[in-house]
Amino acid sequence: MAVNLWFRKVPYIRLSSPIVNTIIGLGCLLCHASCLIMTFNAYMGSQLGLCWSQLLCLITGYSCAFGGILAKTWRVHRIFTNKMRLTTIKDWHLCMVIAAILLMDAGLLLALGLLDSPALAVKRLSEQDMISDGAVVLHKLVVCQSSSEVLWKGLIIGMKAVFLLFGIFFAWETRTIHVEALNDSKVIGICVYNTTVMGLIGVVLEFALPIGSVDLRLVLLTCCINICSATTVLLVFGRKVGGQGVRWG
């Protein structure tokens with residue numbers, strides 16, 4: 001991101017929308033941060049503040065990262081499928097797309113906070129231990145939960161899935177377009193497919209893994225998030241840091 005901003009006037013980087021790339025990078029950093037918060041929340045005791053922080057970082061990070069990717073694929077699709085007239089799409093148009101996605105997230109989170117705010121709940125696990133004097137130790141887990149948690153998760157995942165479908169459509173429609181002025185159109189398409197695969201795996205794990213499997217859930221979910229975010233950063237920024245059009249020293 002630092003290279004992207006410092007060399008933003010270099011033609012190769014300037015043509016790939018450095019402002020939007022920076023938003024994508026910030027989104028990936030927020031997704032990584034959500035994994036750290038998830039770890040603290042799992043092992044340091046659940047707290048409402050950590051629950052909200054994790055949710056905000058993950059949702060906002062995903063919207064910034066994938067919103068930027070979606071906006072860039074939309075621009076390529078718009079330019080090369082508009083046969084009637086020459087289309088000029090500026091960076092601020094792309095930022096407006098990202099802002100619209102973030103506003104929808106804000107509305108959904110506001111509704112969650114006002115209508116069904118999460119609260120701490122104690123879950124008794126089926127696992128139990130016997131100690132030497134014959135006493136039974138019951139295991140409990142403190143979690144953040146709302147009364148209609150499945151509904152809210154479904155709404156959040158459903159909204160992200162709609163954006164993902166648009167991204168897949170635009171990426172497929174522009175798969176054969178390779179123009180130097182839009183030098184990262186191909187890697188952006190790869191990011192869309194990568195996000196789709198890792199997102200599907202993460203959703204399945206979220207609903208399939210038992211709540212008592214704290215270690216397994218944490219490892220698998222954070223791996224999905226981190227792999228998706230790190231891959232996106234490498235694809236979007238890798239060739240730019242590698243020196244394409246950038247003179248070091």
Side-chain angles (χ1 to χ4, degrees), residues 1-31 56 58-110 156 158-196 199 228-229 231-233 235-240 244-246:
M1 288 170 57
V3 172
N4 175 73
L5 289 174
W6 184 261
F7 295 101
R8 63 187 180 275
K9 294 184 179 180
V10 173
Y12 185 83
I13 294 180
R14 177 172 52 81
L15 292 172
S16 68
S17 303
I19 295 176
V20 179
N21 287 340
T22 301
I23 295 174
I24 294 174
L26 287 173
C28 291
L29 286 178
L30 286 174
C31 289
L56 286 170
L58 185 57
I59 291 180
T60 306
Y62 180 90
S63 293
C64 287
F66 189 75
I69 292 172
L70 176 62
K72 295 182 80 169
T73 54
W74 166 74
R75 177 173 65 179
V76 177
H77 181 269
R78 178 71 174 170
I79 290 174
F80 288 94
T81 58
N82 190 351
K83 305 297 184 181
M84 302 300 296
R85 59 186 177 85
L86 182 64
T87 302
T88 302
I89 299 178
K90 303 292 186 180
D91 282 357
W92 69 267
H93 291 104
L94 307 185
C95 292
M96 290 295 292
V97 173
I98 301 172
I101 295 174
L102 290 173
L103 281 175
M104 285 186 274
D105 286 337
L108 188 57
L109 290 173
L110 182 61
I156 293 172
M159 186 170 69
K160 303 303 179 188
V162 171
F163 297 141
L164 201 57
L165 289 175
F166 276 109
I168 294 172
F169 170 75
F170 291 142
W172 178 258
E173 287 286 297
T174 58
R175 67 191 183 280
T176 59
I177 297 173
H178 305 294
V179 179
E180 183 60 26
L182 301 167
N183 50 62
D184 57 356
S185 58
K186 184 176 180 180
V187 298
I188 288 297
I190 297 174
C191 288
V192 171
Y193 298 129
N194 174 65
T195 304
T196 303
C228 184
S229 301
T231 304
T232 300
V233 168
L235 288 172
V236 173
F237 296 98
R239 293 198 304 169
K240 298 171 180 58
Q244 285 275 10
V246 175

Under a plain distance cut-off of 3.5 Å, with no hydrogens placed, do Arg75 and Ser17 share a side-chain donor-acceptor pair? yes

Listed by chain and number, what are the ring pair (Phe, Tyr, Trp, His ring centres under 6.0 Å) partners of Phe169, not counting sequence neighbours? His77

Surrounding [atom1] of [X] (heavy atoms of other residues, nucleotides or ligands, distance under 6.0 Å), is the total greater than 12?
| X | atom1 | result |
| --- | --- | --- |
| Phe163 | CZ | yes |
| Ile19 | CD1 | no |
| Met104 | CE | yes |

[X] versus [Y], closest heavy-atom pair with distance:
| X | Y | result |
| --- | --- | --- |
| Ile69 | Cys191 | CD1-CB, 3.7 Å |
| Pro18 | Asn4 | O-ND2, 2.9 Å |
| Cys31 | Tyr62 | SG-N, 3.6 Å |
| Cys64 | Gly27 | CB-CA, 3.7 Å |
| Val233 | Cys28 | CG2-CB, 3.6 Å |
| Leu102 | Ser63 | CD2-CB, 3.7 Å |

Any salt bridge between Lys72 and Asp91, counting N to O under 4.0 Å? no

Should [X] and [Y] count as side-chain neighbours, where that means a heavy-atom distance under 4.5 Å?
| X | Y | answer |
| --- | --- | --- |
| Ile24 | Asn21 | yes |
| Leu164 | Met159 | no |
| Phe237 | Val3 | no |
| Met1 | Leu29 | yes |

Could you tell me the separation between the [atom1] atom of [X] and the [atom2] atom of [Y], rounded to the nearest 0.5 Å?
| X | Y | atom1 | atom2 | result |
| --- | --- | --- | --- | --- |
| Asn194 | Leu235 | CG | CG | 7.0 Å |
| Leu94 | Ile23 | CG | CD1 | 9.0 Å |
| Ile156 | Leu109 | CD1 | CG | 6.0 Å |
| Leu30 | Thr60 | CG | OG1 | 6.5 Å |
| Glu173 | Ile168 | CD | CD1 | 13.0 Å |

Going by the rule side-chain contact (heavy atoms from CB on, under 4.5 Å), which residues pair with Lys90 if we only count those two or more places apart in sequence or in a different chain? Thr88, Trp92, His93

Return each pair, listed once, that meets salt bridge (charged side-chain N to carboxylate O under 4.0 Å, His left out) where at least one residue sits in residues 10-19; pairs must be two or more places apart or across chains. none

